[in-house]
Amino acid sequence: MMHRWVSVLAAIALLTIPAPRAGAADVPPLKVGVMFSFSGDNARAGEALNFGIAAFQKEHGDVVAGRKVELIRRDTGQMNPETAKRIAQELIINDHVDLIMGLAYSPETVAVGLVSTEAKMPVFVVNSTTVNIMKDAPYMTRYGMTSGQLTSPLALYAYTHNMKNMYTLESDYSTGIDAGDSFTKAFTALGGKIIGDVRPPLFAKDFTAYIQRIKDANPKPDAVFAFIPSGSGPAQFMRTWKEMGLDAKGITLIGEGGLVGEDDLRVIGDAAQGLITSFHYSAIHPSALNARFVADYLAVSGQGIRPDYAALAGYDALAAIYKVVDLQHGKVDPDRTLALLRGMKYESPRGPIMIDPQTRDIDQNIYIRRTERKGDRMVNTELETYKMVKDPLENY
């Protein structure tokens with residue numbers, strides 16, 4: 001009978017032992033879908049995005065409000081809106097993500113915006129610079145920049161520095177066209193004249209014919225505004241520009257900062273000497289936070305390439321995610337998340353930023369930079385600052 005009493009006592013003991021309380025191990029992970037162009041012409045930007053995320057987590061850890069952050073990466077490939085839309089649906093339905101960040105191209109962002117709206121899924125856009133693409137997507141916020149933010153200060157700088165007649169060149173897709181249109185609108189409003197425009201195809205590899213058209217223009221332009229998205233295009237464009245001798249003809253080249261990204265500068269080299277660009281970030285921006293970001297980025301990447309716009313946007317978008325999740329004590333309510341993001345201000349490696357409470361776009365400093373050699377590398381030195389610029393074309 002002894003064994004019976006042993007069994008009874010064991011059962012009683014089990015009943016009296018308190019149930020284990022929920023701990024960190026019982027808290028579900030915070031699932032963040034990271035969708036971006038990790039292959040094709042934009043693969044380098046995708047790699048930089050990953051390193052920017054890793055740099056942020058090196059500084060702030062991979063747990064927020066008690067929840068382990070689980071990053072679920074998906075490759076959208078070479079600009080395919082339908083693929084991006086399908087991936088967003090899969091992240092929501094199959095992977096049960098709490099939030100989505102990423103997106104490289106504006107047409108993809110428009111497609112994903114439809115999914116975001118229907119599912120009430122907060123999406124943190126890291127690139128996609130076309131104006132008004134979030135107008136009908138109320139659960140989206142943007143952490144990169146818009147074309148109008150960059151081009152309006154550049155137009156003012158050009159006009160006040162004796163560039164009165166301008167030729168424009170922009171890649172033939174929505175963001176490129178938006179960049180050209182926004183520059184033209186700002187430049188002509190000041191009294192400048194656009195004497196010609198040319199649009200190479202997106203992902204063009206040979207720019208000879210387009211640059212020749214500018215070289216043959218009559219009257220000769222004072223300057224050319226160029227927009228070529230990051231990837232293989234800027235390096236080839238800059239080399240061709242230098243080889244065809246437009247500088248010797250007295251034609252100044254200016255552009256959006258993607259022409260001289262950190263990785264591209266290694267390839268372009270001295271061909272970029274003296275180029276004037278407008279952008280929201282330079283890896284040599286003089287601030288303590290940026291110095292830390294650059295050091296941590298170099299440490300996690302191990303490649304010797306300093307961070308660029310994609311790395312920065314990944315860093316800042318994840319910073320916003322950590323902030324809103326922490327403010328909700330680990331919960332992610334879609335409407336509460338957007339309410340917290342509207343008007344949110346914080347310091348970025350680029351300088352102060354704010355998510356505009358009306359447009360959900362980013363307000364930030366825009367810098368006029370000159371590309372120049374310092375020691376053994378080319379850098380983008382900030383010359384002038386236009387403070388807390390809103391996109392001038394947003395109309396909602």
Side-chain angles (χ1 to χ4, degrees), residues 28-38 45-76 88 91 95 97-104 109 112 116 121-128 134 139-145 280-281 283 285 287 289-290 292-301 306-332 334 336-338 340-342 344-355 360-362 364:
L30 180 75
K31 293 186 177 183
V32 180
V34 184
M35 51 186 301
F36 201 76
S37 180
F38 294 116
E47 187 177 50
L49 174 72
N50 281 334
F51 289 141
I53 290 170
F56 180 85
Q57 291 195 318
K58 183 177 186 294
E59 297 174 7
H60 302 279
D62 61 356
V63 176
V64 58
R67 297 181 69 179
K68 175 83 170 179
V69 178
E70 180 182 336
L71 301 171
I72 303 173
R73 291 178 171 85
R74 295 289 184 268
D75 182 11
T76 57
L91 284 169
D95 296 300
V97 297
D98 298 285
L99 305 154
I100 290 175
M101 65 178 288
L103 296 169
T109 300
V112 172
S116 166
M121 172 58 60
V123 175
F124 297 69
V125 179
V126 301
N127 194 28
S128 305
M134 302 189 306
Y139 293 92
M140 280 185 161
T141 48
R142 179 156 38 189
Y143 298 83
M145 69 285 191
H280 60 298
Y281 178 63
H285 176 69
S287 76
L289 180 57
N290 186 51
R292 181 185 179 189
F293 170 51
V294 172
D296 288 335
Y297 182 90
L298 291 171
V300 299
S301 70
R306 292 163 302 157
D308 62 6
Y309 73 96
L312 174 74
Y315 182 100
D316 283 337
L318 196 58
I321 288 172
Y322 273 46
K323 288 177 184 295
V324 293
V325 173
D326 188 55
L327 288 169
Q328 294 177 86
H329 309 291
K331 296 180 181 179
V332 184
R336 178 62 177 154
T337 296
L338 266 293
L340 290 168
L341 289 171
R342 288 177 180 270
M344 178 178 283
K345 301 177 182 178
Y346 57 100
E347 190 70 17
S348 158
R350 70 186 94 179
I353 60 176
M354 180 181 77
I355 300 302
R360 292 166 281 109
D361 233 320
I362 189 166
Q364 60 189 325

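Predicted, not measured: the structure shown is a model, and the values here were computed from it. Below, all heavy atoms of this structure are taken into account, side chains as well, without hydrogens, waters or symmetry copies. Along the sequence shown, residues are numbered consecutively beginning with 1.
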| task | Evaluate side chain to side chain contact (heavy atoms under 4.5 Å, CB included) for F124 paired with L103, printing each intermediate quantity in order. | result | CA-CA 9 Å; F124 297 69; L103 296 169; over 6 Å; no
| task | Specify the closest pair of heavy atoms between H285 and P349, including all atoms of both residues, with the distance to one decimal. | result | CD2-O, 3.2 Å
| remark: Between S128 and T109 the two heavy atoms that sit nearest each other are OG-OG1, 2.5 Å
| query | Taking all atoms of both residues into account, what is the closest heavy-atom pair of I362 and G144, and its distance? | reply | CG2-O, 3.7 Å
| request: Determine the interplanar angle of the Y297 and F51 rings, folded into 0 to 90°, and report it as parallel if under 30°, tilted if 30 to 60°, perpendicular if over 60°. | output: perpendicular
| Between T76 and S37, is there a donor-acceptor pair closer than 3.5 Å when you use the side chain of the first and the backbone of the second? | yes
| Side-chain (R350) to main-chain (H280) donor-acceptor, under 3.5 angstrom | no
| message | Can you give me the closest heavy-atom contact between E59 and R292, atom names plus distance? | response | CB-NH2, 3.4 Å
| message | Given 3.5 Å as the limit, does a donor-acceptor pair link the side chain of D296 with the main chain of A55, or not? | response | no
| query | Do Y322 and F56 have ring centres separated by under 6.0 Å? | reply | yes
| field | Backbone of F38 reached by a side-chain donor or acceptor of D75 within 3.5 Å | value | yes
| Minimum heavy-atom distance A310-L49, with the two atoms named | O-CD1, 3.6 Å
| query | Shortest non-hydrogen contact from I355 to L341? | reply | CB-O, 3.3 Å
| field | Validation row: V123, M134 side chains within 4.5 angstrom (heavy atoms) | value | no
| message | What verdict does the side chain to side chain contact (heavy atoms under 4.5 Å, CB included) test give for V325 and D98, after you've listed the backbone C-alpha separation in whole Å, the side-chain angles of each residue and the deciding distance to 0.1 Å? | response | CA-CA 10 Å; V325 173; D98 298 285; over 6 Å; no
| query | For the side chain of K31 and the backbone of D95, is there at least one donor-acceptor N/O pair under 3.5 Å apart? | reply | yes
| Does the side chain of Y281 come within less than 4.5 Å of S348's, by heavy atoms? | no
| Can you find a heavy atom in the side chain of R342 that is under 4.5 Å from one in the side chain of R360? | yes
